[in-house]
Student: 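Structure provided below as structure tokens; questions to follow.
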2 protein chains.
Amino acid sequence: MRRNAVLKPLPSEDDQAARFVRQREADRTAVAEDYVELIADLLRAEGEARAVDLARRMGVSQATVANTITRLQRDGLVETRPYRGLFLTEAGAELATRAKARHELVVRFLIAVGLDAETAEADAEGLEHHASEKALAAFARFLDAHNGKRR
Amino acid sequence: MRRNAVLKPLPSEDDQAARFVRQREADRTAVAEDYVELIADLLRAEGEARAVDLARRMGVSQATVANTITRLQRDGLVETRPYRGLFLTEAGAELATRAKARHELVVRFLIAVGLDAETAEADAEGLEHHASEKALAAFARFLDAHNGKRR
DNA sequence: TCCAAAACTTAGCCTAGGCTATAGAGTGAT
DNA sequence: ATCACTCTATAGCCTAGGCTAAGTTTTGGA
């Protein structure tokens, strides 16, 4: 039963390198996206986003959050008012909106292809940072096509 | 047209933290998986896997490869015979096999939901490390279900 | 009002994963 | 047999993203 087709040739060195480079870039932005997304969620749901709560929700120490927030401030995504919580800049809010939209899309897509809601939510956390625009478009098309049938 | 449903409540702190922790664990193993997968591919396709070639295909300097290989050796995944190339240990080969199977599954799945082969291949590079076993199982089921129709 | 608890900051440390520059080793072609 | 070229290793540096421990501020309740 084994398909003994011609072994798939390796991609060209340049193509493959380009993929890995893009990959590493995505990794670098992932943390920033997770933070602004979470800050936006907290602001919406609780009215404020405290560093302590971020630490608890990210599963990380307060010191790590402080560190990360400093970077996000440097990058113009977040503003802090000590003892008043964290706020998003224009750019931060925009990034959060895009991140959230992507997250939601990925979750809905995963559910549509048969994953339970819990796992979909958990996996989306990782997958959302690595789906290209083309992939997201494909997911959206898939959801559209299947919205007539179920739901 | 805006669905103005009740705002989705935040997940519990513990659940959310657990997701992010799992996330970070996946990130840590991703590089190792990429390396052993690539080494396996090179061994298969070219008969040998040289550090130089890894550097070119990973889009990284030779020094970085040397560094990474040292870690992989320490972790019992890779063996080196200088000027003879790199080899996988038992554990390394096993990891490579699993990684490759996952990679292939993700690629086929992405194509099945409408992505072009090129993008599927590129995106799989990132996505493969963040799909849980449950997600992979769902992808496999999806492919099975759709294999009767097309192809 | 005041003071303990909670929130935040700072210092110091670590690993992974990048880099450049340079030195050293091995191979293969002449 | 040699020597140029290729491959590998090493030194030294950097950032991100973790940690613990030990301050410092602020807040809010008694």
Side-chain angles (χ1 to χ4, degrees), chain A residues 13 17-39 42 46-87 125-126 129, chain B residues 13 17-39 42 46-87 125-126 129:
Chain A
E13 289 183 344
R19 285 178 202 165
F20 281 118
V21 168
R22 208 145 37 69
Q23 217 11 69
R24 290 196 292 275
E25 269 155 26
D27 280 340
R28 259 183 279 121
T29 63
V31 169
E33 288 175 356
D34 284 339
Y35 270 72
V36 297
E37 197 178 337
L38 182 47
I39 290 170
L42 284 169
E46 323 248 280
E48 62 174 15
R50 314 290 288 232
V52 196
D53 296 323
L54 256 81
R56 270 196 290 267
R57 300 197 99 95
M58 300 288 309
V60 125
S61 73
Q62 282 194 33
T64 295
V65 167
N67 233 323
T68 305
I69 293 299
T70 301
R71 276 200 304 279
L72 297 182
Q73 261 184 298
R74 181 203 61 191
D75 296 344
L77 296 172
V78 163
E79 278 162 7
T80 75
R81 282 187 251 158
Y83 303 94
R84 303 269 115 158
L86 305 167
F87 301 87
E125 211 59 77
H129 303 295
Chain B
E13 290 185 342
R19 285 177 202 164
F20 282 118
V21 169
R22 206 147 38 66
Q23 217 11 69
R24 290 196 293 273
E25 269 156 26
D27 281 340
R28 260 185 279 119
T29 63
V31 169
E33 288 176 357
D34 285 339
Y35 270 72
V36 297
E37 199 179 335
L38 182 48
I39 291 169
L42 284 168
E46 324 248 278
E48 62 174 15
R50 313 290 287 234
V52 197
D53 297 323
L54 257 82
R56 269 196 290 266
R57 301 197 97 95
M58 300 288 308
V60 126
S61 74
Q62 285 192 31
T64 295
V65 167
N67 232 324
T68 305
I69 293 299
T70 301
R71 276 201 303 278
L72 297 181
Q73 260 184 300
R74 181 202 60 190
D75 296 344
L77 296 172
V78 163
E79 278 162 7
T80 75
R81 282 187 252 159
Y83 304 93
R84 303 270 115 157
L86 306 168
F87 301 87
E125 211 60 75
H129 303 295

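For the numbers below, each heavy atom of this structure counts, side chains included, while hydrogens, waters and symmetry mates do not. The model shown is predicted, which means the values in this text are computed figures rather than measured ones. In what follows, chains are A, B, ... by sequence order, proteins preceding strands, each numbered from 1.
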Student: By nearest atom, which of the nucleotides dA11(C), dC8(C), dT20(C) is closest to the Tyr83(A) side chain?
Tutor: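 Out of dA11(C), dC8(C), dT20(C), the nucleotide with an atom closest to Tyr83(A)'s side chain is dC8(C).
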
Student: Report yes if at least one side-chain N or O of Arg71(A) is closer than 4.0 Å to OP1 or OP2 of dT15(D); otherwise report no.
Tutor: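 Result: no.
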
Student: Thr64(A) side chain N/O closer than 4.0 Å to the phosphate oxygens (OP1, OP2) of dG17(D)?
Tutor: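 Thr64(A) to dG17(D) OP1/OP2: no side-chain N or O under 4.0 Å.
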
Student: Whole-Å distance between dA16(C) C1' and Glu25(B) CD?
Tutor: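 Rounded to the whole Å, the gap is 15 Å.
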
Student: Over how many whole Å does the gap from Arg84(A) atom CZ to dT27(D) atom C1' extend?
Tutor: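 In whole Å, dT27(D) C1' lies 9 Å from Arg84(A) CZ.
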
Student: Give a yes/no on whether any side-chain N or O of Thr68(B) is located under 4.0 angstrom from OP1 or OP2 of dG17(C).
Tutor: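 Checking dG17(C) against Thr68(B), no side-chain N or O comes under 4.0 Å of OP1 or OP2.
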
Student: Using the side-chain heavy atoms of Arg50(A), tell me which of these nucleotides is nearest: dA16(C), dT9(C), dA7(C).
Tutor: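 When the side chain of Arg50(A) is considered, dA7(C) is the closest of dA16(C), dT9(C), dA7(C).
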
Student: Find which nucleotide of DNA chain D each of Asn67(B) and Asp75(A) is nearest to by heavy atoms, and output the residue with the more 5' nucleotide.
Tutor: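 Result: Asn67(B).
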
Student: Assign Arg81(A) to base, sugar-phosphate, or nothing according to its heavy-atom contacts below 4.0 angstrom with the strands shown.
Tutor: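 No contact.
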
Student: What's the CG-P distance between Asp53(B) and dC7(D), to the nearest Å?
Tutor: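 Going from CG in Asp53(B) over to P in dC7(D) covers 7 Å.
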
Student: Check every atom of dC7(D), dT20(C), dT10(C) against the side chain of Ala66(A) and return the nucleotide holding the closest atom.
Tutor: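 Closest nucleotide among those given: dT10(C).
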
Student: Taking CZ from Phe20(A) and P from dG18(C), how many angstroms apart are they, rounded to a whole number?
Tutor: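 About 11 Å, once rounded to whole Å.
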
Student: Starting at the 5' end of DNA chain D and moving along, which residue's nearest nucleotide shows up first, Pro82(A) or Val60(A)?
Tutor: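 Looking at DNA chain D, the more 5' nearest nucleotide goes with Val60(A).
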
Student: For the side chain of Val31(A), counting heavy atoms from C-beta on, which of dC19(C), dG17(D), dA21(D) is nearest?
Tutor: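 For the Val31(A) side chain, the nearest candidate turns out to be dG17(D).
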
Student: Does Val65(B) reach a base, just sugar-phosphate, or nothing at all? Heavy atoms under 4.0 Å.
Tutor: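 No contact at all - Val65(B) keeps every heavy atom at 4.0 Å or more from the nucleic acid.
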
Student: When you check the phosphate oxygens OP1 and OP2 of dG18(C), does a side-chain N or O of Arg24(A) lie under 4.0 Å from one of them?
Tutor: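 True: Arg24(A) side-chain N/O within range (under 4.0 Å) of dG18(C) OP1/OP2.
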
